[in-house]
Structures are given as structure tokens and as C-alpha cells.
Chemist: 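Could you have a look at this structure, given as C-alpha cells, before my questions?
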Amino acid sequence: MKHFFLFFLLSCSIYGQSKYPQDYFRNPLDIPIVLAGTFAELRSTHFHGGLDIKTQQKVGLKVYAAAEGYVSRIKISHYGYGKAIYITHPNGYTTVYGHLQKLSNRLEEYIKQCQYDKESFEVEVFPHTEELLIQPNEVIAYSGNTGSSGGPHLHFEIRDNEERPMNPLLFGLQVKDTKAPYVSAIFAYPKDKNAIINGNNKRTQLRLIPQKSGDYTVEEITAYGKIGFGVTSYDKQDLAPNNNGVSNIQTIYNGNRSFEIDFKRFSFEETKHIKRFIDYDYFKTKKSRIQKLFIEPNNPLSMYKNVNDNGYILVEDSTANVYKIRIRDYHNNETWVTIPVKGKPETIVQDSISDHTNKSLIYSDKTTNLNSGLVSVNFYENTLYDDTYIDFKVSSDTLFLHEDKIPIQKNFYINYDLSNYKTEHLNKIFIANLHGYYKKPSYITTTRKGKILSAKSKKFGTYALAMDTVAPTIKPINFQDKKWLSKYRYLKVKITDDLSGISKYRASVNGNWILMEYDYKTNTLIHDFNDNIVKDTKNELKIIVTDNVGNSSTFEAIFYRK
Ligand SMILES: [Zn+2]
């Protein structure tokens, strides 16, 4: 028995990549880990920073500290991680727990004190090292669905001592995964105008041929010059149908390593460059993410390694070549794609020569200002990845600023000069992004300096002015005016705004601020009488809700408690 145990320990340190502590962090739930999302999987504006652990479609599961340590940060926000706890451990790593329903009694008491002190539901605090010590296996919270979460789950992260998220599975957490990744599409890309793929000089989808083994080949392609490839791939774990991300992709050209991306760790500064990693145009058109297996200029992602000539291959005349893609999940299940490439110069079929008339050139490394009518748009250095011709047109107050198909790395600035506007509601006007088929206006944060309105954005598209003169609505959900609410645990109201959206709210009872938790997904504000703030018999409730252009509504009611 003793020997067996020793052997077990030994094998852990051999196979468990002893670089990272194994068996230090426990599963933060007391059910087996089933993943709805893997580390670094592709999201719309970022790589996923942790694991999304399923909670059996329920909220309220006990969440355990993954190891002892101290609470170094608590953040409560309407969006993002919702209610989130950060625990820093003696070994230097920090674990993060997001979308929590509520914290443990001790932590809940601590954060409510902060919320009442600041008179705000949204708070962010950084307790001292000695303040909130956490014991091994301590229940720190209950799982939930708060913030920008699309269903009950626990978002769990492990960050290194430089705040960079790492794949928590590197630390030995167990997930059952015996299935290899699968591939849904393969593309070839010309590097420049001299490269040819099957007679074309554009992105070309290749026909995948699945093999019995689970691997794939494609029909032989003819090519010439420098080309790269792209792949759409996912991984499924054993116990869930979710299409999750893979953990490593390598390419090999004629037996030599050409490219690798290893999704082990990244920094939050670089995560936005996912727009450069995926084919953004294809994603916006087809809603599917092609991972580019080559690196274009201005791509600072740190997850690449063993890259030769930026991942491009050089195909020469009359050569027979083999390009292979090896896709792995974290458990080293792997899938291969084999692409035979025959070198053959061909005359390029030109379907359209790009026409730049009526387009504006935005340099990637210079400031560019566009002006027309009421509108000016400012692009600073490194807003775009490449020098790009874009559509820019202003018609009345509508700004047509290309289509959202080009990745943008930094904000550009839109300004409207309303000096000649004569309307009594000038201060109710905001800049809206018009989106979707019906060009629905949505508020973007608009600042005002005299008669100049400004907003920033990272998305091309159509913008226009919109006016909101209607104040938010406030309706009680579970009570009525002048009633006894002695047996009630919660006070619930519904708040909505038709156009610019809710910016802030304030609730008080007999003049004292009360905490009301806001859930934007259900438009509800909820006060918990267990906060013990409401102690009088007769209570005057007052709630003020303000929208993003400053229209505000006040709701008043009286209730009794004993
Ligand atoms: Zn998550």
C-alpha cells in the first residue's frame, strides 16, 4: 500500500509538469468539473480567462476556496463577472470566482458594510493581507448567474503573480476528456498579391475529407508563393455537449515546424488582439471563428511559439509538399489535418480589382481625421492593424463608417458639432450606434462639451444622433402602497428605460440609503430586509432612477413592518 502511494506521487510529478504546483488547488465545487467553457477559448472581444464550470443548471451551489490564502479583492458589478471574489495564495497565485449569487456570511457582511458606506451596489475593494484570511476548504460563496453570464455557472480563474490568467487545468484539476478535437473548416490564405491558391488570390475554403481515425485530409491544392492556413476547430469534453476551445495548434510543413499557438497563459493587455488572431471579416459575416495559423504585422500575442516565417509556407514551382495541422486538447487528445500542396504557378483569376474611389485611407501608424458636415472622426496611431481604405459618408446626422468587418485595436473618436442645432432638447441628444437589420439605435457613452458631442468606439458601422426625452419607469413587483410587509424577505421593483438606458439609481427608506441589487437581465432591483436597515414601523420608500441622458423618475410608496 505504501509503495503504491509512493508510486502514485512519483507519477504525478512526472506527468503533472511539476513546473506548476499539482494538488495544491482543489476543485472549487463539490461536484465533478464539467466545462461549459475552456481556458482561452475564443470569445467576441477576448480570450476566455478561465474555466466555466457547470453548476447543474442551478444557482446556490457551495463554492470553496481552491486553497488557503486571503481575500485580496472583491468586486461587485452589474456586468462582467457580477459578484466576484479574488483569493491570493501563499504560493503567489490568485484564484478568481465569478458570477456568484452571494458570498459566505462572513464575506457578505464585509462587503455589505462597504456597500452601505459607499451607498452603492457596485463596489470594488482590496482588503489587507490580514483582513479576510481564508482556511483550506472554506466555503466562500454560492454559485450564481450574476453579471454578464448567460446561465448559471462558476467562472474560475488561476492567475500568476503578474495577474496573467493561466489554464487552471495545468494545476491538476480533473476533467474527463477522452474525445479528440474536431475540425469544421479549413482555409488557405495568400500572403500577398503574388500568391496563388487553386488559381485564386483570395481566402479559399478547402474541402475537408474526414478519415475513419478522426483525422482529416483535404483534396490536393495547387499553390504558388507564400500562403498560410486557417482552421475552425472545437473540443468537446466527455460529459457535456459544449463546443469548447482547443489547447494547442501546431503546423508542420514538409516535416519542419512552421507555427504553434499554445493557449496556456496570456495577459489581459493582449487579450483584445483576438481580433487579429481570428479572421474578423469571416466571423462578422458567418459567425464562425477561423483561427489564423500565421501571424500578420502588429500582432503582439504572446501565445505563439516555434514560428518560422510567421507561419507562412513558401510553395515553389513543380514541388510536392505536405502541410499538416495538429490540434490538441488539454488532455493531449489530438486530431491531424493533412493538406497536400502542389507547386504550380497559374494565371490568377481576378474577380474584382479593389476600387478605392470614394474611400478614405486610414493609416495604421498615423493620425487620420475625417470630416464631413456635422461629423468628425479621429483615428490615432495603431487604431487599425493595417493601412485600410474605409467608407466614410455623412448624410444629415447619420454617419456611415464602413462596416463592422475590420478589426480595430484602439478606440476612434466620433464628434458631432451641434452649434447650428436649435432644439429645446439639445441635452437629451446622444450618439447612437445603429445596429441590426432594423438599425436599432443603442446608446454609446456620449460626453458633451458645449455643443460638441463626443463618443468613442472600437467598431465600424452606422452611427446617428438619437434623442431620449422619456424618463425610466419604476414599478413595484411584489408589494403595493400602504401595505404591511412584515413577513416579506425582499422588496422588488422593476426598472426599465426605453432608449438611452439606465445610468444610475438610488433607493432610500425614511431618508436612509438602502442597498438594492440590480440585475440588468431581469430589470429588477431587490432589497433584502435581512440587511436590517429597515427598522421602523412606518416606512417611506423612495427610488430615483436616471437614464443616460439625465431623465429621471421618482417612485414613492409607504409600507409598514413590525
Ligand atoms: Zn467565464
Side-chain angles (χ1 to χ4, degrees), residues 25-29 31-66 73-87 93-103 122 124 140-160 163-171 173-175 177 234-237 239-247 263-275 277-278 283 289 291 303 329-330 519-521:
F25 295 114
R26 58 158 288 174
N27 174 352
L29 299 175
I31 55 170
I33 298 179
V34 179
L35 297 179
T38 47
F39 181 76
E41 72 177 11
L42 317 174
R43 299 286 169 89
S44 41
T45 56
H46 59 278
F47 295 95
H48 188 227
L51 301 177
D52 282 346
I53 306 177
K54 289 183 170 244
T55 53
Q56 305 176 328
Q57 281 102 45
K58 288 184 289 209
V59 298
L61 269 58
K62 284 178 184 163
V63 175
Y64 296 85
R73 181 179 177 194
I74 303 175
K75 187 172 180 186
I76 312 284
S77 47
H78 296 149
Y79 304 101
Y81 291 176
K83 297 185 184 178
I85 299 177
Y86 298 67
I87 299 177
Y93 291 95
T94 296
T95 50
V96 184
Y97 313 78
H99 309 305
L100 303 168
Q101 177 195 41
K102 60 177 183 190
L103 315 190
E122 290 195 298
E124 181 176 23
I140 51 164
Y142 298 86
S143 69
N145 186 30
T146 55
S148 309
S149 165
H153 74 277
L154 175 68
H155 174 91
F156 177 67
E157 285 178 22
I158 299 181
R159 297 185 183 177
D160 70 10
E163 281 283 315
R164 290 176 300 189
M166 299 182 62
N167 188 346
L169 298 181
L170 291 164
F171 297 82
L173 296 176
Q174 295 299 311
V175 175
D177 185 2
Y234 304 94
D235 186 50
K236 281 189 207 287
Q237 274 74 49
L239 302 172
N242 303 65
N243 293 321
N244 295 337
V246 305
S247 85
F263 300 104
K264 194 176 277 168
R265 172 187 349 226
F266 59 83
S267 71
F268 287 108
E269 291 78 61
E270 68 182 281
T271 192
K272 64 179 178 182
H273 299 295
I274 190 169
K275 290 184 184 171
F277 172 56
I278 63 162
F283 171 55
R289 296 179 175 93
Q291 303 165 95
M303 292 181 282
D329 65 20
Y330 180 76
D519 178 18
Y520 79 93
K521 285 174 286 193

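Just so you know, ligand 1 is whichever comes first in the structure, and atom 1 is the first atom listed for that ligand. This one's a predicted model, so the numbers in the text were calculated from it and none came from an experiment.
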Chemist: What are the protein N/O/S atoms, named by residue and atom, that sit under 2.8 Å from the Zn ion (ligand 1)?
Modeler: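 Listed by chain and number, the nearby protein N, O or S atoms are His48 NE2, Asp52 OD1, His155 ND1.
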
Chemist: Going by atom types only, do Lys236 and Asn243 share a side-chain donor-acceptor pair under 3.5 Å?
Modeler: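 Judged by distance alone, the side chains do pair up.
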
Chemist: Please verify the inter-ring angle class for Phe47 with Phe266; under 30° counts as parallel, over 60° as perpendicular, anything in between as tilted.
Modeler: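 Ring orientation of Phe47 relative to Phe266: tilted.
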
Chemist: According to the interplanar angle, ranging from 0 to 90°, do the rings of Tyr520 and Tyr79 count as parallel (below 30°), tilted (30 to 60°) or perpendicular (above 60°)?
Modeler: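 Answer is tilted, since the angle falls between 30° and 60°.
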
Chemist: Taking the six-membered ring for Trp, are Tyr64 and Tyr97 closer than 6.0 Å centroid to centroid?
Modeler: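 No; Tyr97 has its ring centre 6.0 Å or more from that of Tyr64.
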
Chemist: Once you measure the plane-to-plane angle for Tyr93 and Phe25, does it fall in the parallel (<30°), tilted (30-60°) or perpendicular (>60°) bin?
Modeler: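 Taking Phe25 first and then Tyr93, their aromatic rings stand perpendicular (interplane angle over 60°).
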
Chemist: Distance from Ile76 atom CD1 to Leu103 atom CG, nearest 0.5 Å?
Modeler: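 Atom-to-atom, Ile76:CD1 and Leu103:CG are 5.0 Å apart.
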
